[in-house]
2 protein chains.
Amino acid sequence: MNSTHTRVRKAAVRLFAAKGYHGVGIRELAEAAKLSSASLYHYMGTKEELLADIMWDCLERLLSAAMLATTDVQDPQEKLGRLAALHAIAHAAQAKETAVVDNELRALSPKLRRRIIKQRDAYEGLWAEALDEGQQAGVFLPDEHGITRRALLEMCSGVARWYSPRGPLTLRELGSRYATLTLRAAGAGPNPPEPDMERCRTIVRYTWGTKV
Amino acid sequence: MNSTHTRVRKAAVRLFAAKGYHGVGIRELAEAAKLSSASLYHYMGTKEELLADIMWDCLERLLSAAMLATTDVQDPQEKLGRLAALHAIAHAAQAKETAVVDNELRALSPKLRRRIIKQRDAYEGLWAEALDEGQQAGVFLPDEHGITRRALLEMCSGVARWYSPRGPLTLRELGSRYATLTLRAAGAGPNPPEPDMERCRTIVRYTWGTKV
DNA sequence: GAAAGCCTATCGATCGATCGATCGTGAAGC
DNA sequence: GCTTCACGATCGATCGATCGATAGGCTTTC
C-alpha cells in the first residue's frame, strides 16, 4: 500500500524515531509525506493523536504476538524464551515504531498516556507471569521486587537502539541469542534450551508481515 | 552549592530528563532556574551547548569511575561485575543525567555529537575489554558481533528508566543484583561471585559524592 | 452536485537569541 | 574618605523564525 494515509503514518514513524516528537514540526512531517501541512489534518487528528495512534498500533501488535506465543505453553522456559525472542525481533524489525513507544510516552498528555501505559502493562504482565511460573517451578532464581523483569525488558528493548538490518545478524539469530541471554539472566543455567523459533517465525510473519 | 550556575545546570538536567531537550523552552528553563530568559545566556552558550556540557560531565564521571574500578584488576568476572554494578548504581543515583545522555544524543548537531560519542565509545571499550578477556579465559561464553556487550549495556542503562529512590532497593543491592544478572548473561554460571562492593562504594562516593 | 483530497494563506502563540539599560559592588585614583 | 569607574549580574523588550492549527477555496471523483 502507498495510500496517502500510510505515507503520513510512515513519515511520522520515521521522523519521530529519528528526532523525537518535539523535534519534528508539522511542516517537516508534511514534506516527508509529500503533502502540504494543512492537508495533513485530513489524515490525522492532532499531532499528538497521531503519535498516540502509532504507539497504540505498535503495542497492539506486540501484545497480540506475545499472547499467540504463550497461550497453552506450560513450560516457563519455553514461555519466557519465546517472549524474549519475539520482543527482540520486534524491536529489530520494527525498530522505529518501538523506539517511539519507548521514548515518547512523556510527550503525551496524561489522558492519552494513561491509555498507552495500560496497554504496556498488559504486555509486561505476560513477562511477569512467565517469570513467576518459572520461579515457582524452581527453574528460575528468585526475583525480588521485579528487578529481573525490568532488567530483561530493558535489555530486549535496547535492541531497537543498535540493531541494523545491514549487520551480519539475521532476525532469527537475534531472537535466539536474546532468548538465551534472557533465560541465563533469569537463572536457567548457562545453556538454556532454545525456544521454538519456528513457531516464533510464524507469529512474526502473521503479526508484522516480516520475513524472518 | 546553590550558585546561579548550578541552579541553571540542575534545572536543565531535571527538565531535559523529564520532557526532552526539544520539549523544554528557554523561558521554562529560565523560570525553573529563577532567572529571566536573557540572564540564562550569562551562564551557558547556546541551549545546545548547555545540553552537550551536561552530557560531557556525566560521561566524564562515568568513565573516570569505570577506570578507577578496573585498572589492575585481572579477574574478568571481577572486572565485569564491577563495571555492571557501577553502571547500574550511576544510572540509579544519577538517573536524570544518564537519561539525558542516553536519550538526547540525537538533539546534538553532528559536531557536538561526535565529541560525545567518542567519549561514550571510550567507556564502552572498557566493557568490551572485560568481556573479551573473560572469553579468552573461558569464563564467559563467546559473544559474536558484540551482541552480549550491547545487550548488557542496554540492560544496565535501563535502570534509569524505572529506578525510584523511594523503592525498597538500596543502591548497593541494586549494583550487586545487576552484577549478578550481567555475569549470568555473559555465561559465568547461575551463581557468579559478587564483585568487591566495598570498593565500588568508595568509587561512587568519590565520583558522585553519593552515599551508597 | 455532494464528497473527498489538497491547496494557499493566515492565525495567535511560542521558539531561541540578542539588545541596551539598570543595579550593586569593589577596586583605583586622588 | 570620597569619588569615579569598570564589571558581573540581571532585566524588560524585542527580533525574525517557526510552531500547531484553521479557514476557505479549487479540483477531481463518483
Side-chain angles (χ1 to χ4, degrees), chain A residues 1-56 100 103-113 115-116, chain B residues 1-56 100 103-113 115-116:
Chain A
M1 280 247 285
N2 195 22
S3 72
T4 310
H5 208 100
T6 60
R7 248 174 33 237
V8 170
R9 175 66 70 103
K10 286 185 178 177
V13 167
R14 178 165 58 84
L15 289 174
F16 288 166
K19 318 176 76 169
Y21 175 76
H22 290 301
V24 180
I26 53 162
R27 284 160 188 81
E28 186 179 5
L29 178 55
E31 192 179 358
K34 299 184 203 302
L35 274 179
S36 73
S37 68
S39 301
L40 273 185
Y41 286 86
H42 278 271
Y43 299 95
M44 61 185 209
T46 62
K47 184 189 169 196
E48 190 194 0
E49 286 166 2
L50 173 61
L51 173 63
D53 284 348
I54 290 171
M55 291 178 159
W56 175 270
V100 170
N103 298 327
E104 305 298 337
L105 254 177
R106 62 188 176 194
L108 292 178
S109 60
K111 187 174 176 175
L112 289 174
R113 182 159 58 226
R115 197 179 305 170
I116 302 294
Chain B
M1 281 250 283
N2 196 21
S3 72
T4 309
H5 210 100
T6 59
R7 245 170 41 233
V8 170
R9 176 65 69 102
K10 286 185 179 179
V13 167
R14 179 165 57 86
L15 289 174
F16 288 166
K19 317 176 75 167
Y21 175 76
H22 289 301
V24 181
I26 53 162
R27 285 160 188 79
E28 186 179 5
L29 177 55
E31 193 180 356
K34 300 184 203 300
L35 274 179
S36 74
S37 66
S39 302
L40 272 185
Y41 286 86
H42 277 271
Y43 298 95
M44 61 186 210
T46 62
K47 185 189 169 197
E48 190 194 0
E49 286 165 1
L50 173 61
L51 173 63
D53 284 347
I54 290 172
M55 290 178 159
W56 175 269
V100 170
N103 298 328
E104 304 298 338
L105 255 177
R106 62 189 176 192
L108 292 177
S109 60
K111 187 175 177 176
L112 289 174
R113 183 160 57 228
R115 198 178 305 170
I116 303 293

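A, B, ... follow the sequence lines: proteins, then strands. Residue 1 opens every chain. Computed over heavy atoms, backbone and side chain alike; hydrogens, waters and symmetry mates excluded.
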From CG of A/Leu15 over to P of D/dG20, roughly how many Å is that when rounded to an integer?
12 Å
When you measure from the side chain of A/Tyr21 to the backbone N and O of A/Glu48, does any donor-acceptor pair fall under 3.5 Å?
yes
Below 4.5 Å, heavy atoms only, C-beta onward: do A/Leu51 and A/Thr46 meet side chain to side chain?
no
With B/Glu31 via salt bridge (Lys or Arg N to Asp or Glu O under 4.0 Å) - residues at least two apart:
none
Output all residues satisfying salt bridge (Lys or Arg N to Asp or Glu O under 4.0 Å) with A/Arg14, sequence neighbours left out; order by chain, then residue number.
none
Quick tally for nucleotides 21-29 of chain D: nucleotides whose base has a protein heavy atom under 4.0 Å get B, sugar-phosphate-only ones S, the rest -, giving BBB------
To the nearest angstrom, how far is A/Leu29 atom CG from C/dC6 atom C1'?
15 Å
Rounded distance (Å) that lies between atom C1' of C/dG16 and atom CD of B/Glu28:
14 Å
Is there a side-chain contact between B/Leu29 and B/Leu50 in this structure, where contact means two heavy atoms from C-beta onward sitting under 4.5 Å apart?
yes
Separation of D/dG12 atom C1' from B/Glu31 atom CD, nearest Å, is 16 Å
Tell me: CG of A/Leu35 to C1' of C/dG5, nearest whole Å?
9 Å
How many angstroms lie between NZ in A/Lys47 and CG in A/Leu40, if you round to the nearest 0.5 Å?
11.0 Å
Rounding to an integer number of Å, can you tell me how far A/Lys34 NZ sits from C/dC7 C1'?
17 Å
Between A/Leu40 (CG) and C/dC7 (P), how many Å, whole number?
9 Å
